[in-house]
Amino acid sequence: MGKTLRKKLTFSYILLITICVVVISFLTNLILEMQFKNYISKEHQQKSKIIVESLKSQYIGDKEWNKEEIEKTGIDAIENDLFISVKDLSGNIIWDAFAYNNIKCEQVKGHIKSLMESNFPKWNGIYIKDEYPIVSNGIKVGTAEIGYYGPFFYNDNDIVYIKTLNQVLIGVGIISLMVALIFGIIMARGISNPILKVIEIAKLISKGNYTEKIEKTSDIEEINDLIVSINQLGTSLNKQEELRKRLTRDISHELRTPLSTLQSHMEAIIDGIWEPTTERIISCHEEILRLKRLVGDLEKLTKYESENLVLDKSEFNLGEVISNIVLNFEKEFLNKGVSITFHHKDISIMADKDKISQVIVNLVSNALKYTEIGRVEISIEAEKEFIKIFVKDTGIGISEKDLPCIFERFYRADESRNRFTGGAGIGLAITKAIVEAHGGNIEAVSKLNEGSEFIIKLPKQRI
Ligand code: ADP
């Protein structure tokens with residue numbers, strides 16, 4: 001089992017922040033230590049300079065020193081963890097911190113040592129003495145020896161400062177980690193919740209439940225695309241499923257009648273009620289032919305009505321294609337005494353030539369089928385974005401009641417009159433499926449006993 005996305009994201013956030021905090025703390029400490037050491041040693045030099053300056057002014061002249069003031073400076077120095085010893089030119093001690101108060105000096109020294117050793121175990125401190133000449137009026141009058149624990153040391157205030165700084169860094173680290181954790185969880189939720197929903201819906205889809213939809217949206221574009229895709233998948237599978245169900249229902253309905261007729265005819269012959277005359281056998285044969293035609297039409301319909309009707313588009317002259325179709329139909333029209341005219345125009349279109357031809361053939365054959373006297377006129381028009389095809393006849397027309405349903409599968413306007421024509425009510429459904437697959441639409445205008453007009457609108461541009 002792999003890690004969940006949520007755990008992985010949260011863990012990544014925490015890891016990232018931990019690395020950042022550790023690196024920042026390490027670098028801060030490093031830079032601070034360097035700067036601080038620098039500052040401490042500069043301060044030490046400054047203090048030493050002040051002490052020497054102060055001692056210089058205590059030389060009265062003629063080998064005489066203001067011992068009281070020197071002592072004051074010495075005591076101040078002990079307070080600052082420095083131990084001074086002042087000697088005259090002959091090396092005689094004028095004032096010495098250890099001689100003044102050995103216990104106090106040892107105490108201060110010991111305190112520094114233990115402070116440094118406990119806080120900085122790697123610190124190798126030793127007692128260092130720096131010698132400075134005391135110069136008065138350009139003449140050396142003595143020597144000041146300033147002792148301290150070196151190479152550098154921190155006093156109590158410095159240690160408190162460093163400790164506080166580290167505590168602040170730790171605090172910042174802890175707060176950052178907590179923020180990372182919360183942020184990581186929120187972010188991970190934002191990403192994983194819609195994904196979990198997508199998984200749930202995908203599972204439902206795999207079980208055949210296509211109607212469930214994901215309402216949630218995400219502010220992450222890719223996840224939104226995923227949600228839209230899975231919703232579309234559900235919708236498209238649902239459509240396919242409905243189509244399949246409807247088709248199965250329609251097919252069984254359509255097949256039942258001719259099969260029952262055949263069955264009853266055969267049973268009557270078997271039971272001896274009917275003689276198997278040539279006439280009856282021919283009638284059965286016609287029924288079988290009708291069934292065969294129906295199955296052929298169904299095959300076409302399934303192909304054209306399926307969601308993924310593949311169009312093999314190319315640019316062709318629509319006027320030319322219609323002219324050829326009209327030519328092929330001419331004899332049938334002539335036999336029936338109906339005239340057919342086409343106002344030829346050179347209009348090129350980007351479409352599936354075979355399927356558009358099929359559309360024209362369907363409309364023209366319907367016009368022929370349902371027109372007894374008069375004429376059929378075909379025309380085409382190119383508009384700005386669309387191309388229009390008109391197929392008009394002066395036939396029997398379609399009633400107002402039937403008009404909205406004629407594009408439905410297996411719909412026949414009037415059963416009694418269609419028995420003669422033998423149509424299964426599939427042609428217009430196929431026509432509509434092809435036109436819509438091209439991004440166009442088809443409509444019919446008709447008046448009973450006056451005639452019908454079918455108008456197809458196809459987009460010009462490539463789709
Ligand atoms: P069919 O194979 O029955 O012609 P169609 O799908 O082509 O099936 O047409 C559906 C119904 O619409 C037809 O049964 C017919 O009643 C009606 N129809 C189609 N075209 C015409 C037309 N030009 N004139 C009158 N009725 C028509």
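Order of appearance sets the numbers: ligands from 1, and atoms from 1 within every ligand.
- With contacts defined as side-chain heavy-atom distances shorter than 4.5 Å, the pair Ile406/Phe454 qualifies.
- Side-chain atoms of Ile112 and Met116, non-hydrogen and from C-beta on, do get closer than 4.5 Å to each other.
- Contacts between Asp393 and ligand 1, counted as non-hydrogen atom pairs separated by less than 4.0 Å, involve the side chain only.
- For the pair Asp393 (side chain) and Gly395 (backbone), a donor-acceptor distance under 3.5 Å is present.
- Between Tyr127 and Tyr148, a ring centre-to-centre spacing not shorter than 6.0 Å is recorded.
- Listed by number with element, the atoms of ligand 1 under 4.0 Å from a non-hydrogen atom of Ile426 are 6 (O), 8 (O).
- Within the structure, ligand 1 has Phe454 among the residues with a heavy atom less than 4.0 angstrom away.
- The closest approach between Gly395 and ligand 1 stays at or above 4.0 Å for every heavy atom of the residue.
- Set against the non-hydrogen atoms of Ser452, the atoms of ligand 1 under 4.0 Å away are 22 (C), 24 (N), 25 (C).
- Inspection of the Asp312 and Ser314 side chains reveals no N or O donor paired with an N or O acceptor under 3.5 Å.
- Every atom of ligand 1 is numbered from 1 in the order shown, and the set under 4.0 Å from a heavy atom of Lys369 is 1 (P), 2 (O), 4 (O).
- Ile378 is not listed as a side-chain neighbour of Leu363, based on a closest heavy-atom distance of 4.5 Å or more.
- In the candidate list Leu368, Thr431, Asn366, Asp402, Asn366 is nearest to atom 20 (N) of ligand 1, counting heavy atoms.
- When only interatomic distances are considered, the shortest N/O to N/O separation between Leu428 and ligand 1 falls below 3.5 Å.
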